[in-house]
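What follows is a short report on a single structure.
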Amino acid sequence: MLKEYESLIFELSKEGKKAYTLPPLDVEEKPLEDMLPKEMLREKEVDLPEVSEVDVIRHYTLLSQKNYGVDIGFYPLGSCTMKYNPKINEDMASLPGFTELHPYQPEETVQGALKLMYELEKALCEITGMDRFSLHPAAGAHGELTGLMIIKAYHEHRNDKKRKKIIVPDSAHGTNPASAAVAGFDVIEIKSNKEGAIDLEALKAVLNDEVAGLMLTNPSTLGLFEENIVEIARLVHEAGGLLYYDGANLNAIMGISRPGDMGFDVVHLNLHKTFSTPHGGGGPGSGPVGVKKELADFLPVPTVEEKDGRYFLDYDRPLSIGKVRSFYGNFNVMIKAYSYILTMGAEGLKRASELAVLNANYLKEKLKGYYKVAVDKTCMHEFVLAGLAEKSGDVRTLDVAKRLIDYGFHPPTIYFPLIVEEALMIEPTETETKETLDAFAETLIKIAKEAKENPELLKEAPHNTPVRRLDEVLAARNPVIRWTK
Amino acid sequence: MFPYLPISSEDEKEMLKTIGKNSIEELFEVIPKEVRLNRPLNLGKPMSELEVRKRLGSYADENKNLSQLVSFLGAGVYDHYIPSVVKHIISRSEFYTAYTPYQPEISQGTLQAIFEYQTMITNLTGMEVTNASMYDGASACAEAAMMACDATKRKSIIVSKTVNPETRKVLKTYMHFKEVEVVEIEDADGVTDIEKLKEVIGPNTAAVIVQYPNFFGIIENLQEIEKITHEQKAMLITYVHPIPLGILKSPGEIGADIAVGDGQSLGNGLHYGGPYLGFLATTQKLLRRMPGRIVGQTKDVDGKRGFVLTLQAREQHIRREKATSNICSNHSLNALTAAVYLATIGKKGIKEVAYQCLQKAHYAYTVLTESGKYKPAFNKPFFMEFALKTDKDVAEINKKLLEEGILGGYDLQRDYEKYKNVMLLAFTEKRTKEEIDRLKSLLEVM
């Protein structure tokens with residue numbers, strides 16, 4: 001990090017400075033009051049900054065240097081699959097033939113774009129074992145919502161109107177129950193077993209003819225493969241429910257096992273996780289939803305279809321749930337994901353999953369003994385630690401995470417899943433070198449020692465960041481969410 | 001070996017030894033045999049960068065893009081000029097390769113930029129508070145409707161048919177599943193029919209949704225709608241196009257309870273429909289009912305100013321099924337884009353861009369309606385878009401225009417049966433007098 005920089009863009013503002021140019025108006029100018037009713041005019045100018053172009057560039061460049069991204073270092077944020085974002089993907093998504101397309105252009109002028117979406121859908125079907133995909137949803141949670149709407153529409157269409165409940169395990173991502181609520185379902189939470197897996201007895205106890213479906217993450221949020229998946233699918237289907245797959249953790253199983261073959265009826269994927277598209281500091285992502293053919297009629301409109309080599313948007317789908325967003329999805333993100341799939345091919349995707357799993361197991365093995373492993377079994381692409389092996393005063397997982405920052409690593413996901421106390425959820429991904437994994441493990445081991453010998457080092461961490469620990473209580477108690485003079 | 005898979009076979013051996021396994025396959029033995037895929041995926045061979053570039057480059061070349069065409073197409077998505085600085089800033093990988101700012105000490109870049117974005121959006125809309133962004137304008141509008149239902153404990157939404165059809169479709173999907181009634185009001189001469197609004201509004205109405213400028217480009221009399229809405233203690237949701245707000249009265253000044261819209265125009269480009277961003281701004285009173293991330297200012301242990309994600313008790317990762325929304329990832333990079341765009345054009349630029357769009361549209365209106373061959377579809381004040389009635393099929397006209405390298409207007413018949421042979425034309429600051437004159441001469445001879 002360079003020198004301290006603390007200004008807001010508004011604080012650089014000075015009357016008369018500007019950072020833009022426009023050509024002079026080349027049409028005959030009409031008086032404003034001839035065009036617009038006076039009472040609809042703004043009285044005061046919009047309070048935006050007045051800065052020079054150099055101000056803009058320096059300001060945001062300096063801000064960017066206060067950020068940590070995958071291009072800077074190791075980012076083992078569990079459940080988020082922070083793999084490297086290949087640069088060819090960015091270049092492909094920046095081609096004017098893709099960026100400069102209006103969504104309402106005639107179909108004959110966007111055949112290349114439609115073809116790309118069509119082929120991406122086919123590839124996602126093959127990877128997951130599903131029959132159709134919608135590329136519309138903007139993010140994982142949006143995919144969940146869309147998938148749940150499809151489940152609801154399916155039951156309603158069969159006149160099975162009692163099914164208003166969605167089962168969600170207590171180990172699930174928070175978006176699962178929240179999405180179910182937005183889709184108009186009641187949520188039944190079931191307790192997981194000691195290994196964070198579905199407790200078959202608990203599941204049986206809640207299955208009945210009011211259940212619309214079960215949402216499941218597999219591998220689970222503890223990073224373990226749901227070994228009873230076949231039995232779970234059978235139970236849910238026998239009760240007339242559908243099985244929903246939260247694709248946040250697909251990175252473990254590409255080319256190895258497919259949700260469609262496990263019995264899942266609806267799947268969402270996160271292209272910004274498994275398929276290497278960047279997360280953008282909180283989006284845009286893309287959360288395509290895949291379904292088995294029995295549910296295909298309910299997908300959002302339009303779908304992309306092909307006939308005699310010509311691609312088109314199909315709005316004529318009477319059973320569709322309708323639209324869940326404008327247009328056809330985050331097209332720019334789709335290009336990146338498809339570029340990745342083409343680069344990796346079948347062989348590369350499988351290898352990526354194999355190495356993601358190898359890396360996770362390797363790190364787990366190295367850390368065992370210094371940290372409690374939540375469930376000490378062969379894990380998939382990630383694993384969960386339950387804090388330090390030896391408790392040391394009031395040193396908590398948060399302190400371990402903050403101390404990692406001092407050593408140049410992004411901390412893992414912490415305090416999730418909720419069923420593990422002091423959880424540290426570590427997902428190394430396949431794009432890291434063994435040297436990085438070793439250095440990370442050594443650092444965590446060193447931190448475990450520091451926790452015993454010099455706990456203050458952890459409690460006061462991080463030490464060298466642009467700001468140190470921030471008062472979140474103050475932020476929430478007295479919310480200041482915009483700058484004022 | 002793959003360029004993004006840096007574990008060598010020697011590494012692999014050592015690592016397996018550490019774990020106590022003989023092969024990678026052993027790691028997958030936990031997966032039941034009957035659900036393992038025993039064949040390679042049918043996806044083709046890995047491709048080199050050069051091959052990917054050729055393949056996807058050829059797809060891009062199959063499209064006709066707006067650097068090759070002169071566009072008069074808008075209808076919610078506008079071909080505005082994007083200053084060069086925007087691309088350069090958002091291409092910085094410190095921004096685009098970061099995750100959601102869960103660790104504020106190493107995310108101040110994103111957090112401060114979003115705080116500035118929030119400030120700009122509240123200033124632009126004249127509202128008191130806003131969140132860190134939503135997926136797009138349409139889903140933001142649906143979320144606003146849910147907010148209004150929760151806040152008023154009512155289950156009916158009135159939406160004017162002069163609101164963008166895509167937005168209304170999304171609204172209807174969300175409301176159907178929430179079991180909220182949606183009542184649409186017809187337009188009269190291109191604006192919300194006030195008499196019909198008075199007929200249908202009542203004590204069950206949670207909100208009235210209107211667009212500003214509306215889908216036809218017209219500036220409606222929102223003051224009257226505001227009065228009618230608030231008399232019934234319903235909420236006024238305005239779906240706004242951000243650029244005209246450089247000149248027009250803000251939703252806040254009009255008395256809106258929630259202002260939503262799409263940030264596509266704020267430097268986000270076209271991208272065949274996404275990603276753009278949805279913005280959602282509201283009053284202090286509704287702060288804790290807002291969906292999504294919010295960035296707040298605070299202090300660190302040394303008393304230094306810093307920024308964090310705040311008011312998280314509303315959100316899914318804490319409240320789960322009781323959260324205000326299910327949204328998690330939003331469109332942060334698009335919000336950054338909007339912030340950089342707004343910082344670049346600034347106080348004067350937002351006015352000038354809006355002014356140029358307004359003047360060009362009014363010039364076009366004068367010349368295109370001059371001969372009487374094309375008539376204005378509505379007689380109302382408009383901003384940068386207007387509808388023209390012809391005696392020809394809009395698709396036919398557009399086909400001929402395309403042959404001349406022009407992307408014609410939006411065919412209103414797509415969404416409004418009664419507006420047959422009516423096309424909606426949009427004019428941004430990018431269009432020149434010469435291009436407009438050429439459009440006129442082409443239209444005249446059709």
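The analysis underlying the following values was restricted to heavy atoms, covering all of them including side chains, and did not include hydrogens, waters or symmetry mates. Residue numbers start from 1 in every chain, and the chains themselves are labelled A, B, ... in the order their sequence lines are given, proteins ahead of strands.
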When [options] are compared by non-hydrogen pairs under 4.5 Å with chain A, the top option:
options	answer
B:I436, B:V340, B:V353	B:V340
B:Q118, B:Q103, B:Q297, B:K45	B:Q103
B:T310, B:V170, B:L333	B:V170
B:E62, B:H271, B:K172	B:H271

Exercise for review: For A:N67 and B:S107, run side-chain hydrogen bond (donor to acceptor under 3.5 Å, both in side chains): C-alpha distance rounded to whole Å, both residues' side-chain angles, the deciding distance at 0.1 Å, then the answer.
Suggested key: CA-CA 4 Å; A:N67 251 19; B:S107 311; 5.0 Å; no
Among A:L77, A:V70, A:T413, find the one that has a side-chain contact (heavy atoms from CB on, under 4.5 Å) with B:Y99.
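Only match with B:Y99 under side-chain contact (heavy atoms from CB on, under 4.5 Å): A:L77.
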Hey, which of B:Q316, B:R319, B:R320 is the one that makes side-chain contact (heavy atoms from CB on, under 4.5 Å) with A:P177?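 Of all the options given, the one that passes is B:R320.
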[options]: which one forms the most heavy-atom pairs within less than 4.5 Å of chain B?
options	value
A:G184, A:P300, A:G348, A:G129	A:G348
A:G69, A:A19, A:G280	A:G280
A:H410, A:Q111, A:E365, A:E45	A:E45
A:Y104, A:Y338, A:F225, A:F10	A:Y104

Would you kindly say whether [X] and [Y] are connected by a side-chain donor-acceptor distance under 3.5 Å?
X	Y	answer
A:H59	B:E116	yes
B:T97	A:N85	no
A:H142	B:N326	no
B:Y355	A:E29	yes
A:Y20	B:E352	yes
A:R482	B:T122	yes
B:R92	A:S64	yes

Check this for me, if you would: do A:R468 and B:D300 make a salt bridge, where the nitrogen-to-carboxylate-oxygen distance has to be below 4.0 angstrom? no
Checklist entry - Within the distance-only criterion (no hydrogens, no angle test), does the side chain of B:N123 pair as donor or acceptor with the backbone N or O of A:D47 below 3.5 angstrom? => result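 Yes, because the side chain of B:N123 sits within donor-acceptor range (under 3.5 Å) of the backbone of A:D47.
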Once salt bridge (charged side-chain N to carboxylate O under 4.0 Å, His left out) is applied, do any residues pair with B:K21, and if so which ones, sequence neighbours excluded?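 For B:K21 there are no salt bridge (charged side-chain N to carboxylate O under 4.0 Å, His left out) partners, ignoring immediate neighbours.
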By salt bridge (charged side-chain N to carboxylate O under 4.0 Å, His left out), A:D261 pairs with (sequence neighbours left out) A:R258
Side-chain contact, heavy-atom cut-off 4.5 Å: B:L358 with A:L32?
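Side chain of B:L358 against side chain of A:L32, heavy atoms only: contact under 4.5 Å found.
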Looking only at heavy atoms, the pair that brings A:V333 and B:P275 closest together is CG2-CG, 4.4 Å
Self-check item: Ring centres under 6.0 angstrom apart (A:F327, B:Y272)
Solution: no
